[in-house]
Each structure stands twice: as C-alpha cells, then as structure tokens.
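Each residue takes its place number in the sequence, starting with 1. Counting convention: from 1, in listed order, for ligands and their atoms alike.
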Amino acid sequence: MSDVPSKPMPGGEAGSALDAVIVGAGFAGLYMLHRLRGLGFSARVYEAASGVGGTWFWNRYPGARCDVESMQYSYSFSAELEQEWQWSERYASQPEILRYLNHVAERFDLKRDIQFETRVTAATFDEIANRWTIQTDRGDRVSAKFCIMATGCLSAAKVPDFRALETFQGKWYRTGHWPHEGVDFTGQRVGVIGTGSSGIQSIPIIAGQASHLFVFQRTPNFSVPAHNGPLSPDVIQDWREHRAEYRHRDRTSAFGIHIEQNTKSALEVSSEERQSQYEKRWERGGFSLVGAFADLILNKEANDTAAEFVRSQIRAIVRDPAVAETLAPRDFPLATKRICVDTGYYATFNHDNVTLIDARATPIEEITATGLRTSKAEYTLDSIVFATGFDAMTGALCNIDIRGRAGAALKERWSGGPRTYLGIMVAGFPNLFTITGPGSPSVLSNMVLSIEQHVDWIADCLAYLREHRIANIEATVNAENEWGAHVNQVANFTLFPQANSWYMGANIPGKPRVFMPYIGGVGVYRQKCDEIAADGYEGFALSPPGS
Ligand code: N01
C-alpha cells in the first residue's frame, strides 16, 4: 500500500500507486499529510490556492482575526511546535495565522507533497479497482485508495446574488475572497453588505479609511468585545508549563475551548447576581458570556436575560437611540447564530462618517452603475464589500463531483440535507473521509482540535485497515440513519434550531433546513468515536480481510 510514486507534473497521469489523495491544504490537510507520511502511506494534497492556509489564505479582509484565543487555536500534536511558536496577541490576526501555517508546512517539510493552484473537480469510486479516481482542473487524473476531503466548512464563499451587479462601475469585493494586495478605501464612499462575523470585524477598519461607510444590515447579530491585545508573558509561560493539562481540558470540554462554565440556571439567581455575571464576562470578552449560566442555550427564558444584557450594552455604547435599536438583535436567541467577537464594532456607529441602513425594513433592490438602490433610497458608492457568508459545511463538498458506488452523486445523496456517520463517512462512498464533515462538532468547536481529532481517527483507521489487510471501510446506512437522528435529537434539545442560521442551511436559498453540526459536545463526541474504533469500527462495513 505504500510505495511512493514520483511526483507528477500538473496535468499528468499519476499512475495508481498513491495511498491517499487529500483535498485542501488548510489546518486539516496539512496535519493529515503529516500523519499519513508518518505512517508510511503515500499521499498527495491538491490545493486550489497558491499557498497553504485554507480559510486563512482567502479571508484577508481588513480586521480578519480568529475568535478563538490563539493559544487554543493552534495545533496540539507537537509539543516542540507549541514551545517554539509564539503568538503575539490574545486573538491572532489572519496574517499571523497564515505565517503560522506556513511555518508548520516548512517545519514538517509538507510542501513537497502539495500541488498548488490545482482544484479538484471530481472524485469517482471505481468499484472494480476499489480505488478513487481524482480529477483536477489542470487535467490531473490520479488514482488513490483513499480520498480524504479536507475542504473546510466555510470555504465556499457565497456568490452575491444581487440584481444588476454586473452594471456596477465601481469595485466590489467579497470578504471570503479578498485581494492579496489589500484594498485601501481612503477617501471612498463604501457600502458593506452583511453583518456576520466578517462584516463586524471589517466594518470598524473600513470606517477608519472611508470618507463615508454605509452598512447594510438585514439581521443584527450579537457581538461581544474581544478585548484583544498583546499576549502577556505570564499567559505564555503558564501555557508552556501546563500545555498538556490545558489541551486535555479542552479536548474533553463541550466546545473545545476553555469557557469557565457556571452550573447555575440564569433563572435561579437574583437579578443582581445575573447582572454581575454578565458584566464580569463582558469585561473578560470573547465567548465567555455563553458560559455565564448553564441553561443559556437550552431555555429561552434564560437566554432572554443574556440577550437583553447585550442589547443594554449596545444602548450604552451607541449614542443615537434609533441606531442602537436597529443594531439590537431580536430575531433569534443569543448564541444560536455564532456570536461575533469584535473590536469597537458598536462604537463605530457613533462616527459621523458611518450610516446604518436597515436592509430588512428597506431591502436592497438592485445594484446600479453608481452604487445601489434600496426600496427607499439610492446610494452612490465607489466600492461595495459583500460580507454575505458561505455555503457552509456542504458547499465545498458538493462543488466537487463526488461519485460513490454505482456512480451515485454525493450532491444528490444530500439533496435532502447532509447524511453522514459521525461526520466522517457517507454510506455508499467507501474509503472517502470528510474531515470535520456535517454531523460532527466542527463549526461548533475549536476547529483546530476537532480537525486533529478527525485526522488522528482517520490515520489510525487507515493503519488498522492495512494491518488487518482490509480493502474497504464504509458507513452502513443504518449507522448513518441512527447518527443523523441523534444529531437532530440533540440539536432539538437546544435553542439552536430556532435561528435561521447557516448552521441550518438557512442562508442559501433552496438549501434544506437541517441542523448540520453536532452539538452533543466535543468530549462526548471524541469518546464515542474512540469507542466505535475500539469496537472494530462499529457501524462501518469492513470488507473481509485479504479481499
Ligand atoms: O457570514 P454570515 P460571515 N442582502 O453568514 C447578510 C466564520 N467566521 O462570513 O443574516 C442583505 O455570518 C446576512 O444577513 P441575514 C464564523 O463561524 C469566523 O460573516 O441572512 N444581506 C448576514 O448578515 C461565522 O459565523 C470569523 O439576514 C445579506 C451576512 O450577510 C461564519 O464564518 C470571522 C444578503 C452573512 O453573515 C460566517 O461569517 C469571519 C442579502 N442578499 C467568519 N445575503 C472569526 O472570527 C447575506 N446577507 C474566526
């Protein structure tokens, strides 16, 4: 299984000697390659971009930064790597994360097995040869025993679907595909459409450059302060000394990040105690607000108290009461859409050069040659920034023509919503793995730790198959059905399905409403995956040894 083929040129025929093709060179693809190499498997990564980084390669918009603290949002697989790399800020910026991933790629000599500027267009399972044929937009056609999708959950940036966009004579940008040379908005009239994490991070920076910024907000979001700043030497030292303990804590936690979790209900304490909890956590910043009480994502009444607290903070920051009211989220419970973590977002609306437009009350009707028109007014703009999100979790997979047994297309198999076993495999698609696929904690967790967990599980699985001379592994339909029902059941136990979120596929017209990530908890999920493997891969069909 592991004779290493010579590296083909783009557009070449790679023969049939590869053990695995990995699609994508972000956090997932890089670590997958490292693990497979370590086990003696031959593997090649295909990456559409000209460099490593995945989401951190493309999302270069102003203010792009991680919302998980940098010490936690980094690989844990190598103690040496952890000791030698030093993060500079509490929340790492996109350029720093990209530098980190390049460092990892160099340090572990990964780039020699990555073919850049090559997009995988199709992957087809050949039932006779028992292999995957992978095709790329550069004409490669390679055969591999295993096909591993490290395509990311938020990598298919939504194409703006605004009428008459092609008539616009200014420049327009997507946050998810930002020009590498950067954009200087100095002196411009700029429109930003969208107020999710990308909009909320970029708006304060663009406001600082533009002569006038118009923010078109359809749905206000809950945002909490990052209180970002340089990492103190004490924090770094503390991590260095306790890294193993902290990593274990995070791996066995609910979200893969450290949140001090209060075990009390928000409804059992006095209003003074509630207020003091919320204030303390607002001061601390980041996701800590979500841990203020045990029932915030379970009980609407409890959640309302936290939501009202955030609204009161918005009113306290934003001077114009009408603007504050428009910014105050009311459509969905707090945290059922990803909470945004910002630097100066609400205060930006106190600046004279910033105008908030309620794009729900007065929808954008069309883009014009000189800007855009809402149902109420016309805006003259030099540039438009679309911070309109992603076809999350399934988009990147369905953009590839993936065909399993009997030529069945994954896209069709998932026409009613994604179906997976553990978010790792799909029935009818043997030897195809999805790292942080739908049905796994993925986007509801610290992605880096969840990626490592999947990569380790997949690497161990491939080693097991080799050791036992098993040709195929495949999720059974039964296991997939049961897992899907479980994912749903757990989601329905929470308030999450109450939001029209991208977790539900609600941001893409026509996409089935299915809660895609698994909210049962990172620690619980990890244990389940480990038990399944220890039980000889329960729920998976393994072809007979030696077959
Ligand atoms: O995208 P989003 P995002 N007319 O889908 C609006 C991660 N992330 O790129 O809600 C007008 O959240 C849309 O409005 P509505 C993070 O997980 C992380 O900001 O549909 N508006 C919404 O306001 C995050 O959750 C970081 O009514 C339209 C916005 O566009 C995920 O990526 C940073 C519209 C889209 O918000 C996605 O965030 C950035 C239309 N036709 C992203 N269509 C970190 O901090 C859409 N909108 C790590």
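Among all protein heavy atoms, the one lying closest to atom 1 (O) of ligand 1 is G389 CA, 3.1 Å. For atom 20 (O) of ligand 1, the closest non-hydrogen atom of the protein is R218 NH2, 2.8 Å. In terms of protein heavy-atom proximity, atom 6 (C) of ligand 1 is nearest to G194 CA, 3.6 Å. Looking only at protein heavy atoms, the nearest one to atom 27 (O) of ligand 1 is T219 OG1, 2.4 Å. Protein heavy atom closest to atom 5 (O) of ligand 1, with residue, atom name and distance, is W502 CD1, 3.6 Å. Scanning all protein heavy atoms for the shortest distance to atom 45 (O) of ligand 1 gives R65 O, 3.0 Å. The protein heavy atom nearest to atom 17 (O) of ligand 1 is R338 CD, 2.9 Å. The shortest contact between atom 29 (C) of ligand 1 and any protein heavy atom is with A387 O, 3.3 Å.
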Candidate pair N221 and S223, rule side-chain hydrogen bond (donor to acceptor under 3.5 Å, both in side chains), full reasoning: CA-CA 6 Å; N221 252 310; S223 191; over 6 Å; no

Residue pair S78, R107: steps toward the side-chain hydrogen bond (donor to acceptor under 3.5 Å, both in side chains) verdict: CA-CA 11 Å; S78 161; R107 191 192 190 287; 4.7 Å; no

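Side-chain rings of Y100 and W87 approach one another, their centers coming within less than 6.0 Å. F386 and F216 have their aromatic ring centers separated by at least 6.0 angstrom. H454 has its ring centre no less than 6.0 Å from the ring centre of Y31. Aromatic ring centres of Y75 and F27: separated by under 6.0 Å.
Using a 30° and 60° split on the angle between ring planes, F77 and H34 fall in the tilted class, from 30° to 60°. Note: W483 and H486 have tilted aromatic rings, judged against thresholds of 30 and 60 degrees for the angle between ring planes.
The F162 neighbourhood of ligand 1 comprises atoms 4 (N), 40 (C), 41 (N), with distances under 4.0 Å to a heavy atom of that residue. Here is the list of ligand 1 atoms found below 4.0 Å of a heavy atom in T195: 22 (C), 23 (O), 29 (C). In summary, the atoms of ligand 1 found under 4.0 Å from a heavy atom of K158, numbered by their order in the structure, are 43 (N), 46 (C). Of all the atoms in ligand 1, the ones that sit under 4.0 Å from a non-hydrogen atom of G196 are 12 (O), 19 (O), 23 (O), 29 (C), 36 (O). With ligand atoms numbered from 1 in the order given, ligand 1 contributes 27 (O) to contacts under 4.0 Å with heavy atoms of R360. Interface atoms of ligand 1 facing K337, defined by a heavy-atom separation under 4.0 Å, are 10 (O). Residue-ligand proximity, Y61 to ligand 1, at heavy-atom distances under 4.0 Å covers atoms 33 (C), 39 (C). Near L154, the atoms of ligand 1 lying under 4.0 angstrom from a non-hydrogen atom of the residue are 7 (C), 17 (O), 31 (C), 32 (O).
Distances between N or O atoms of N221 and those of ligand 1 include no value under 3.5 Å.
Residue contacts with ligand 1: I193 is included, with a non-hydrogen atom under 4.0 Å away. Contact annotation: V341 has no heavy atom less than 4.0 Å from any atom of ligand 1.
Residue-level proximity to ligand 1 for S197 is carried by backbone and side chain together, each with a heavy atom below 4.0 angstrom. When heavy-atom distances to ligand 1 are checked against a 4.0 Å cut-off, F216 has no atom that comes that close, whether in backbone or side chain.
The neighbour count for K376 NZ, taken as heavy atoms of other residues, nucleotides or ligands under 6.0 Å away, does not exceed 12.
E308 and R311 are joined by a salt bridge, as a carboxylate oxygen and a charged side-chain nitrogen come within less than 4.0 angstrom of each other. With respect to R330 and E325, a salt bridge is recorded, a charged nitrogen being found less than 4.0 Å from a carboxylate O. Taking a cutoff of 4.0 Å between a charged side-chain nitrogen and a carboxylate oxygen, R373 and E365 do not qualify as a salt bridge.
Put simply, the side chain of D67 never gets that close to the backbone of V341: no donor and acceptor are under 3.5 Å apart.
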